[in-house]
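Fair warning: this is a prediction, and the values are worked out from it, not measured in the lab. Naming: A, B, ... by sequence-line order, numbering from 1 per chain.
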Number of protein chains: 2
Amino acid sequence: MTGPVLEPLDQAIVRELSADGRRSFTDLAERVGLSVSAVHQRVRRLEQRGVIRGYTTRLDGEQIGLPLTALISLTPNDPAAPDDYPQRLEHITEIESCYSVAGDESYILLVRVASPLALEELLRKIRESAKVSTRTTVVLSTPFEGRSPTL
Amino acid sequence: MTGPVLEPLDQAIVRELSADGRRSFTDLAERVGLSVSAVHQRVRRLEQRGVIRGYTTRLDGEQIGLPLTALISLTPNDPAAPDDYPQRLEHITEIESCYSVAGDESYILLVRVASPLALEELLRKIRESAKVSTRTTVVLSTPFEGRSPTL
DNA sequence: GCTGAAAACATGTCTGC
DNA sequence: GCAGACATGTTTTCAGC
C-alpha cells in the first residue's frame, strides 16, 4: 500500500529534471554519476511509472497576454448534487489548476485571463458549468511560482 | 507601456513548448512551419526576453514523497511592518508558489510536504520567519494541475 | 529574419557483463 | 541494472540571401 520511497539515484535525476526540464541525458549522467544509457533507462522508467508526469515551460503571464491571475473558491449550489465538478470544469481552458480542499469551500481553482472583463466572463462560465457559487481572490503580484520541490 | 502582443509564430512555439517542454527544435520547426534554425533563433530570443522563464518537469507528489499539498493564507502580525514577506519566505523550499493577493489576507502560499507533522513544522517556520498568522487549507485531491494556458 | 549545410553533440538501441 | 559502442537524429553555428 505504502509506495516505496524514490531511491537516491532516481531522486537525483528527478531533482535535476525539475530544476531544468530540458537537461540532456549526457548532462544528467555526469551530474548523478551514471552512464548515459543507465540514466536514459531510469528516466523512461520514471515516465512510465508516472513519477514524471510530463515536461513543461514556465512562461511570463504578462508577456503572453494573460496578465491577470486569480484564485476562485467554489461552493456547490446544491450540496446534494453528485460531485462531478472537475469533469464539469475540465473543458474550461483558462483553469490551470483545480484543487479539492478541506474547508468551507469545496474546490479552489487557479485561473489566468487577459483582463478583468475576461475574468467576469470566466466566472459566469464556471458558475453555469458547475452550478456553484464563487468567491474570487485576485492575485496582485507573484513573488515566485512553480519552484522545484525539495527532494 | 503596453507590451506588444506575442506574434503568431512565437505564440505557436510557446504553445507547443508549454504542452511539451522537451519538444525538439526539429519537431517544433515542422509544427510551426519554419526551418530548424529559425525556430532555434526564436526560442533563444524568447528565453532572453523572459517570455520563457525556464523549463520544468511535472512530478507526482505522492510518488516523490510529498503527498500533502496545502494553501496557506498569510496575515501580518504587525500591519505597519515593512512588506518584505516574500524575501523572508524565499528560503523556505517547501513553498512552491507565493502570491500577493487582494482580500482579507496579504499572501497565499502553495506548499508541499511529506506529512501532517511536516506541515505543522512548516507553519511554525513560516510564522516565525515572516511574523504572520496563518490560515491553512489542506488539499484533499488534485483533479488537475499546471495545465497549459490558452494562447 | 529566413534558409540550408556542416560539425558537434545527444538520443535510442543493442550487446555483453 | 549498468557500461560501452554504434547508428541515427538533434543542436548549434555559420554563410548567404
B/Arg124 and B/Glu128: salt bridge (Lys or Arg N to Asp or Glu O under 4.0 Å), yes or no, with the steps? CA-CA 6 Å; B/Arg124 201 191 46 71; B/Glu128 285 186 6; 3.1 Å; yes
Set out, in order, the CA-CA distance, both residues' side-chain angles and the distance that settles side-chain contact (heavy atoms from CB on, under 4.5 Å) for A/Leu109 and A/Leu89, then state yes or no. CA-CA 10 Å; A/Leu109 311 178; A/Leu89 296 168; 4.1 Å; yes
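Following rounding to the nearest Å, B/His40 (NE2) and C/dG1 (C1') show an atom-to-atom distance of 15 Å. A/Glu30 places its CD atom 17 Å from the C1' atom of D/dC2, with the value rounded to the nearest Å. The nearest whole Å value for the distance from the CZ atom in B/Phe25 to the P atom in C/dT11 is 12 Å. A/Gln41 has its CD atom 13 Å from the P atom of C/dC14, to the nearest Å. We find that CG of B/Leu17 is positioned 11 Å from P of D/dT11, with the value rounded to whole Å. In this entry the distance linking CZ of A/Arg42 with P of C/dG12 reads 18 Å, nearest Å. Regarding A/Arg23, its CZ atom lies at a distance of 17 Å from the P atom of D/dT11, rounded to whole Å.
You'll find that the side chain of B/Leu34 is closest to C/dC2, out of C/dT11, C/dC2, D/dC2. When each of C/dA10, D/dC2, C/dG12 is scored by its nearest atom to the side-chain atoms of A/Ser24, the top-ranked nucleotide is C/dA10. The side chain of A/Arg22 lies closest to D/dT11 when the candidates are D/dT11, C/dT11, D/dA3.
With B/Ile108 as the fixed residue, the side-chain contact (heavy atoms from CB on, under 4.5 Å) test singles out one of A/Val139, A/Thr137, A/Leu110: A/Thr137.
Salt-bridge check for B/Arg42 with B/Asp10: passed, with a basic side-chain N closer than 4.0 Å to an acidic carboxylate O.
Within 4.0 Å (heavy atoms only), A/Ala38 reaches sugar-phosphate atoms of the nucleic acid but no base atom.
Regarding contacts with the backbone of C/dC2, every side-chain N or O of B/Ser37 stays at 4.0 angstrom or more from both OP1 and OP2. Phosphate contact (OP1/OP2 of C/dG1, side-chain N/O of B/Arg45, threshold under 4.0 Å): present. Listed pair B/Arg44 / D/dT12 meets the phosphate criterion, a side-chain N or O lying under 4.0 Å from OP1 or OP2.
The 12-atom threshold is not exceeded at CG of A/Asp104, counting heavy atoms of other residues, nucleotides or ligands nearer than 6.0 Å.
Summary of the strand contacts: B/Asp27 and A/Val39 both lie near DNA chain D, and taking for each the nucleotide with the nearest heavy atom, the more 5' one is attributed to A/Val39.
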